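Have a look at the structure below, then the notes.
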2 protein chains.
Amino acid sequence: MTRKAYPTDVFSAIAEPRRREVITVLSDGQEYAVNEIVLRMKIAQPAVSKHLGALRKAGVVTVVKRGQHRMYRLNAAGLKPVHDWVKVFERYWMHQVDQIKQRAERKALERMIRLDEGPNPKEE
Amino acid sequence: MTRKAYPTDVFSAIAEPRRREVITVLSDGQEYAVNEIVLRMKIAQPAVSKHLGALRKAGVVTVVKRGQHRMYRLNAAGLKPVHDWVKVFERYWMHQVDQIKQRAERKALERMIRLDEGPNPKEE
DNA sequence: TCAATATATTCCGATTTAGGAATGTGTCAA
DNA sequence: TTGACACATTCCTAAATCGGAATATATTGA
């Protein structure tokens with residue numbers, strides 16, 4: 001049986017910093033030969049090829065053969081499962097920002113009211 | 001030196017299916033004792049404790065002691081780095097959906113025009 | 001204090017994973 | 001056909017990771 005290689009599910013795929021680095025290189029939407037990616041990274045070609053293989057199996061990149069080159073391109077849709085999963089929690093910190101914003105506005109309003117009432121604010 | 005335990009960065013933290021499961025349990029915003037989480041999962045208490053430890057170090061959950069219980073609560077803000085990272089790619093598939101929608105609308109419009117012109121469409 | 005309960009920690013083995021080195025494969029150009 | 005590229009694959013080792021078992025620690029109640 002084949003020795004288990006790099007992971008192929010998208011969550012594990014993006015867990016590896018170097019694979020996120022590869023994705024960053026591809027994030028302009030252009031296609032890149034393996035060579036060009038290697039030049040932009042600090043690991044050797046076989047390692048890059050293996051990471052690209054993992055990303056491909058995870059559905060995050062696509063390849064086409066062009067001459068002696070393999071052109072890799074980002075398939076951003078492959079990241080959608082991660083986005084969908086994490087988006088569920090967006091409202092938690094959004095809400096918090098809202099609360100902060102609201103508090104700031106309330107404070108500003110209170111200041112304005114105090115100014116309207118002059119330098120000696122009423123106490124209750 | 002200490003035997004390296006579970007990972008503590010947020011990307012690796014959520015790469016583990018069982019840790020995402022823990023997060024799902026906590027996703028109602030309520031606090032849960034370790035016990036209660038164990039009941040909802042298929043792994044033993046020590047494994048759950050270890051996953052909770054990883055999530056805590058990753059900043060995804062918080063703990064407070066209450067009596068002999070440790071109450072865990074989701075800290076959704078800890079997931080923000082993942083959200084921020086993946087959000088950058090949102091536009092790719094959003095755009096694609098837009099394109100599909102636009103094509104559908106263009107086709108529908110073409111059909112309407114053809115209907116206006118009768119069953120024998122002009123050719124160009 | 002002692003037993004029970006809740007949880008963390010340590011120790012361990014099995015498995016996964018990353019990357020280097022070596023090698024295989026396909027394509028091009030002369 | 002041959003050599004030079006571009007890239008993938010295989011083999012290997014070290015390290016990371018997971019989960020079970022056993023054990024440690026803390027809290028509570030009797």
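Predicted, not measured: the structure shown is a model, and the values here were computed from it. Protein chains get the first letters and strands the later ones, always in sequence-line order, with residue 1 at the start of each.
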(message) Is it the case that the base of D:dA6 and the side chain of A:Gln45 share a donor-acceptor contact (distance under 3.5 Å, atom types as modelled)?
(response) no
(request) Sequence neighbours left out, what passes side-chain hydrogen bond (donor to acceptor under 3.5 Å, both in side chains) with A:Gln68? Give chain and number order. (result) none
(request) Mind checking side-chain hydrogen bond (donor to acceptor under 3.5 Å, both in side chains) for A:Tyr6 and listing every partner two or more places apart, or none if nothing turns up? (result) none
(message) As an exercise, state the distance from OH of A:Tyr72 to OG1 of A:Thr62, rounded to the nearest 0.5 Å.
(response) 9.5 Å
(message) Quick check for you: to the nearest 0.5 Å, what is the distance between A:Tyr32 atom OH and A:Leu26 atom CG?
(response) 7.5 Å
Mind calculating the distance between [atom1] ([X]) and [atom2] ([N]) to the nearest angstrom?
X       : N      : atom1 : atom2 : answer
A:Leu52 : C:dA18 : CG    : C1'   : 15 Å
A:His69 : C:dC28 : NE2   : P     : 9 Å
B:Tyr72 : C:dA8  : OH    : C1'   : 8 Å
B:Lys4  : C:dA18 : NZ    : C1'   : 14 Å
B:Phe11 : D:dT17 : CZ    : P     : 15 Å
A:Leu55 : C:dA18 : CG    : C1'   : 14 Å

(request) Sort and list the pairs that fulfil salt bridge (charged side-chain N to carboxylate O under 4.0 Å, His left out) and have at least one residue in residues 68-84 of chain A, not counting sequence neighbours. (result) A:Glu31-A:Arg73, A:Lys80-A:Asp84
(message) Show me the pairs that pass salt bridge (charged side-chain N to carboxylate O under 4.0 Å, His left out) and involve residues 32-47 of chain B, at least two apart or across chains.
(response) B:Glu21-B:Lys42
What pairs of donor and acceptor atoms, side-chain ones from residues 13-20 of chain A against any protein atom, are under 3.5 angstrom apart with sequence neighbours left out?
residue: A:Glu16; atom: OE1; partner: A:Arg18; partner atom: N; Å: 3.0
residue: A:Arg19; atom: NE; partner: A:Ala13; partner atom: O; Å: 2.7
residue: A:Arg19; atom: NH1; partner: A:His51; partner atom: ND1; Å: 3.2
residue: A:Arg19; atom: NH2; partner: A:Ser12; partner atom: O; Å: 3.3
residue: A:Arg20; atom: NH1; partner: A:Ile14; partner atom: O; Å: 2.6
residue: A:Arg20; atom: NH1; partner: A:Ala15; partner atom: O; Å: 3.2

(message) Using the side chain to side chain contact (heavy atoms under 4.5 Å, CB included) criterion, which residues pair with A:Phe89? Sequence neighbours excluded.
(response) A:Trp85, A:Tyr92, A:Trp93, B:Ile23, B:Ser27, B:Leu74, B:Ala76, B:Leu79
(request) Could you work out the complete set of other residues in the hydrophobic cluster of B:Val64, with links drawn between I, L, V, M, F, W and Y side chains under 4.5 Å apart? (result) B:Met71
Shorter than 3.5 Å, N or O on both sides, protein versus nucleotides 19-21 of chain D: list them out with atom names.
residue: D:dG19; atom: OP1; partner: B:Arg18; partner atom: NE; Å: 2.8
residue: D:dG19; atom: OP2; partner: B:His51; partner atom: NE2; Å: 2.4
residue: D:dG19; atom: N7; partner: B:Tyr6; partner atom: OH; Å: 2.8
residue: D:dG19; atom: N7; partner: B:Lys50; partner atom: NZ; Å: 3.4
residue: D:dG20; atom: O6; partner: B:Lys50; partner atom: NZ; Å: 2.3

(request) Ignoring backbone atoms, test whether A:Asn35 places a side-chain nitrogen or oxygen under 4.0 Å from the OP1 or OP2 oxygen of D:dC7. (result) yes
(message) Mind checking if B:Arg56 touches a base, just sugar-phosphate, or nothing, with heavy atoms under 4.0 Å?
(response) nothing
Between protein and nucleic acid, restricted to nucleotides 24-30 of chain D and to nitrogen or oxygen atoms under 3.5 Å apart, what atom pairs and distances do you find?
none

